[in-house]
Amino acid sequence: VQLVESGGDLVQPGGSLRLSCAVSGATFDDVAIGWFRQAPGKEREGVSCIMVNDKETFYADSVKGRFLISSDKEKKTVFLQMDNLKPEDTGVYYCGAPLWEWAICPSLRRLDQYGSWGQGTQVTVSS
């Protein structure tokens, strides 16, 4: 599976952004896609994941109630709507796919179970 992220930008605190992850090389209905982020000097962390077929979603505690993950089967794209952004949301955002059970989201803490990383898109939250 190949993943391409886009949509990152500079935004003020309290603002919103929508990130996109274009998916190719796999049957879109049969995949799970996760969003991850990496701040400067910190390890990559899991943000959210969606199982496309049944729309089940998962979120890190730090983004619950502010971020919404969704998918569009016609566009073969997974979106991450980010509202009420905070400076601590700053980082490079990546999408990734499960390495084994392609349709199931592994725990967001198990980054070793994800792969096919895209190139990332930069999100900066600053006034």
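Computed over heavy atoms, backbone and side chain alike; hydrogens, waters and symmetry mates excluded.
Here the shortest heavy-atom pairing between A26 and V31 reads CB-CG1, 3.8 Å. In this structure, E5 and C95 approach most closely via the heavy-atom pair OE2-N, 2.8 Å. Closest heavy-atom contact between P106 and Q113: CB-OE1, 3.3 Å. When all heavy atoms of A97 and I33 are compared, the closest pair comes out as CB-CD1, 4.2 Å. S16 and D83 make their closest contact through OG-OD1, 2.8 Å (heavy atoms, listed as atom of the first residue, atom of the second, distance).
Side-chain heavy atoms closer than 4.5 Å link hydrophobic residues (I, L, V, M, F, W, Y) into clusters, and following such links, possibly through other members, connects V63 to V78. Both Y94 and F58 are part of a single hydrophobic cluster, where members link through side-chain heavy atoms under 4.5 Å apart. Under the 4.5 Å side-chain contact rule for hydrophobic residues, L68 and V11 share a cluster.
Without hydrogens or angle criteria, R37 side chain to V92 main chain gives no donor-acceptor distance under 3.5 Å. No side-chain donor-acceptor contact under 3.5 Å links S48 to the backbone of Y59. Put simply, the side chain of S107 gets close to the backbone of R109: a donor and an acceptor are under 3.5 Å apart. The backbone N or O of T124 sits nowhere less than 3.5 Å from a side-chain atom of S126 that would complete a donor-acceptor pair. Looking at Q38, its side chain never comes within 3.5 Å of a backbone N or O of E43 through a donor-acceptor pair. Although no hydrogens or angles enter the test, the distance criterion places no donor-acceptor pair under 3.5 Å between the side chain of Q122 and the main chain of G8.
A heavy-atom distance below 4.5 Å is found between the side chains of F67 and V47. Using a 4.5 Å heavy-atom threshold, the side chains of C105 and P98 count as separate. The closest side-chain heavy-atom distance from M82 to Y93 is below 4.5 Å. The shortest side-chain heavy-atom distance between V4 and Q119 falls under the 4.5 Å cut-off. With contacts defined as side-chain heavy-atom distances shorter than 4.5 Å, the pair V1/V23 qualifies. K55 is listed as a side-chain neighbour of S71, based on a closest heavy-atom distance under 4.5 Å. Under the 4.5 Å side-chain criterion, counting only non-hydrogen atoms from C-beta, V52 is in contact with K73. Put simply, the side chain of D72 reaches to within 4.5 Å of the side chain of F79, judged on heavy atoms.
Atom CE of M51 and atom CD1 of I104 lie 6.5 Å apart (nearest 0.5 Å). Rounded to the nearest 0.5 angstrom, T57 OG1 and K64 NZ are separated by 10.0 Å. Taking CG from L3 and SG from C21, the interatomic distance works out to 4.5 Å, rounded to the nearest 0.5 Å. Rounding to the nearest 0.5 angstrom, the gap separating the CG atom in L80 from the CD1 atom in I50 is 10.5 Å.
Of the candidates T90, L10, L17, V123 forms a side-chain contact (heavy atoms from CB on, under 4.5 Å) with just one, namely L17.
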Can you check side chain to side chain contact (heavy atoms under 4.5 Å, CB included) on S6 and L19, steps first, answer last?
CA-CA 6 Å; S6 62; L19 305 183; over 6 Å; no
Determine whether D89 and K86 satisfy the following criterion, salt bridge (charged side-chain N to carboxylate O under 4.0 Å, His left out), listing intermediate values before the conclusion.
CA-CA 5 Å; D89 295 317; K86 304 176 180 180; over 6 Å; no
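Between the side chains of K76 and S24, not a single donor N or O lies within less than 3.5 Å of an accepting N or O.
Applying the ring pair (Phe, Tyr, Trp, His ring centres under 6.0 Å) test to residues at least two apart or on different chains, the pairs with a partner in residues 33-56 are F36-Y114, F36-W117.
In this structure K42 satisfies the salt bridge (charged side-chain N to carboxylate O under 4.0 Å, His left out) test with no other residue, sequence neighbours excluded.
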